[in-house]
Amino acid sequence: MAVENNNVKQSLSVAGGHSSIIMSIFSTSSGNGKTITAINLAASLAKEGYDVCLMDLDLQFGDVVDYLKLSPKYTIAEAQKDFETDPEEFDVRNYLTEYTHDDLHFSVMAPPKSIDDAYQIDVTVVEKMIQQLVDFDFIILDLQAVFSALNLAMLDISAIINYVGIIDFLPSVKNFKVGYDTLIRFEYEANKIRLIENRSNSQKLIKGDDVERLIGEKFSHKLPNDFQSVNKSVNSGVPLMFAAPNSPLTKSFAELAESYSQHQDNAPPPEEVVVQPDKSIFSKVMGMLGW
Amino acid sequence: MQYRAILVEKDKSVLNDLANTLKQAKDFEVLSTYNNFNAALGQSSIYNPNLFLIDIDNVEVFKILPNFVEVFPNAVILGTLSVWNADLAYKAQKAGITGCIIKPFTPQEIIDTIKLYGKRGKSKPSRIITFFSPKGRSGRTTLAALLALDLAKKSNESVALIDADLQFGDLPIFFDLEPKHTVVDAAHDIKLLTPTAFAPYFHEVTKNLYLLSSPDRPEYAELVEAPNLVEVVRMAGHIFRYLLIDLPSGFNPISLAVSDFASTNFTVAMINTGLEVAHMKRTLDLFKARRGHMHIDYPVFTRVNPCNDEQKQKLESQIMQPITAIFPNEYNLVSIANSGRILYGLPQDTLMMKTISKLADDIIAGKL
């Protein structure tokens, strides 16, 4: 345990019976800033002194490794193969890649190198890997922008769903609302879903307030637009706190991280989520249709 | 219109039934009936027919079918099938006949079928073009919609947009529509449909352009199986000359099955942080490995800045193959396209529209 005051951990760690705080980053379209959010949230929490593991579960086109210019020895694909060969001996920690810059460090589970391998990843094995990641204070899951069996399983075990959107044009608004309504229909508690507006102050025709009225929920966090700093961060392969320490976006990520750590002491703990035995999207759909 | 029909049918009792039905219809005159293809081809010219109904249940007919097309260029030639068979129907289309109809049929069904294929355009197989993107927010749907509009305008043949982005399809919003039928209904019903029964599932957007909409709830996507969607595409090819299909982002059973089936695929990526170039390369490598030579994948980059030849060459050297088109960031145009006003005056005099126009010309000319 890296931080002495572990109230947060006690209050937020009950989801899925896991001792770490699992937070997913989800959206209804890629290119919404999920990976930027995941990396900078992980970095900000790590800077606060927490042990953080960032899992890139955008298995086909995950960008965490390229963003941070990592050269992982192993990916989730090798982890799965070895788990299936010898589940008793399997230790997921051996497959993580360490990201370090100055005195900041956090662990990364890299996505498969080939798309064929991405196709083979098994939801239940990923769940078992996460169950082994008990040493971490926070586990951040960077998800693909789709309702899939893997994503639903990950949302199920998450204490917090960071639901990120860029609200610039009508299709984005529609997809943001459709995605949110779907999460609610799938019975994720509203207080577990945190609406995050990305590029909140950029040139656009649609106002955040209107979107809040449409959805019936407030954004819990707004990330300002700073394309240049993001580009600098990606190009230099370091989180925003190093690439653009004074950017309002960097500060915003620090605030977001804080909202999940020490400032959460008085927040009510989320209800315990019991992992359902069958979490396939198909069973949910059938349930919706009354079958 | 008075139809002067020749019936060609292997099965004599079916031939009798069909002939009797048509003899009682006021718009039809049965000139002659045959149960031998060669005799029908050799003798029919003396009757001056304008309609052939030819049994295509037996594959032997396909050897002689192109001859009917050649000898009777002004006649409507319908292939008759006992049940819908996409393979046989495609072969018939390739042979150049007007279209296909399911036996038994009423005189009205013949008239409806002729009308349907008349609207479709040239008696040739359809051009099936898919739009794939590794990730969302790539400009993929905007490209598909703008290209479909331009094709409908220029080709004077019928064009359909199929929104196969089943969870988060945006095409209904682009055209400000709330269609009654969706691609989910189509995939569910397809085994029971015929081209004439399927046509009303498409919503008329503007002259020559139709839309098969995506569902309004993401979970309904799960009800669509990829092979059924491919059958939807195959039958739609009998209603429309051009099919433009907007796929879901990334590799999944739907995007793979449909883009494998299409002859042409545009892979679209938007330049944002620069990591997209690697996504494009990864995608093209995978497509190259899994597809045959008959299939062509065209890479397209959007929001390229500066949008010039030098930048294009730079991107080409990165992905190690030619790029079909690059598009600039045109905020005003994209704003219009993304707010349901796509039908009401797009700024034509822009680099983006000129590039779209060139793509449409090349598709019509068969260069793409």
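Below, chain A is the first sequence line, B the second, and so on; all start at residue 1.
- Each of A:V234, A:D66, A:N175, A:T182 has some count of heavy-atom pairs under 4.5 Å with chain B, and the biggest count is that of A:N175.
- Proximity to chain B (any heavy atom under 4.5 Å) is restricted, for A:S172, to the side chain, taken from C-beta onward.
- When each of B:A337, B:S133, B:P134 is checked for heavy-atom pairs under 4.5 Å with chain A, B:P134 comes out on top.
- Residue B:D285 does not touch chain A at all, counting heavy-atom pairs closer than 4.5 Å.
- Ranked by heavy-atom pairs shorter than 4.5 Å toward chain B, the options A:D63, A:I206, A:D116 are led by A:D63.
- Taking 4.0 Å as the cut-off between side-chain N and carboxylate O, A:K177 and A:D181 count as a salt-bridged pair.
- A salt bridge links B:D260 to B:R291: at least one charged side-chain nitrogen sits closer than 4.0 Å to a carboxylate oxygen.
- Among B:P248, B:A289, B:S339, the residue making the largest number of heavy-atom pairs under 4.5 Å with chain A is B:S339.
- Residues B:Y298 and B:F287 keep their aromatic ring centres 6.0 Å or farther apart.
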Run the ring-ring contact (aromatic ring centres under 6.0 Å, His included) test on B:Y210 and B:F175 for me, step by step, so that the C-alpha distance in whole Å, both residues' side-chain angles and the decisive distance to 0.1 Å come before the verdict. CA-CA 10 Å; B:Y210 296 77; B:F175 293 102; over 10 Å; no

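- Contact of B:L171 with chain A is not made at all, since no heavy-atom distance falls under 4.5 Å.
- There is no side-chain donor-acceptor pair under 3.5 Å between A:T124 and A:E127.
- For A:T28, the parts lying under 4.5 angstrom from a heavy atom of chain B are both the backbone and the side chain.
- Ion pairing between a basic and an acidic side chain is recognised when a charged N comes within 4.0 Å of a carboxylate O; B:K288 and B:D297 show no such pairing.
- In this structure, a donor-acceptor pair under 3.5 Å is absent between the side chains of B:N332 and B:S335.
- Residue A:V173: no heavy atom, backbone or side chain, is found under 4.5 Å from chain B.
- Comparing B:N272, B:T141, B:V334 by heavy-atom pairs within less than 4.5 Å of chain A, the highest count is held by B:N272.
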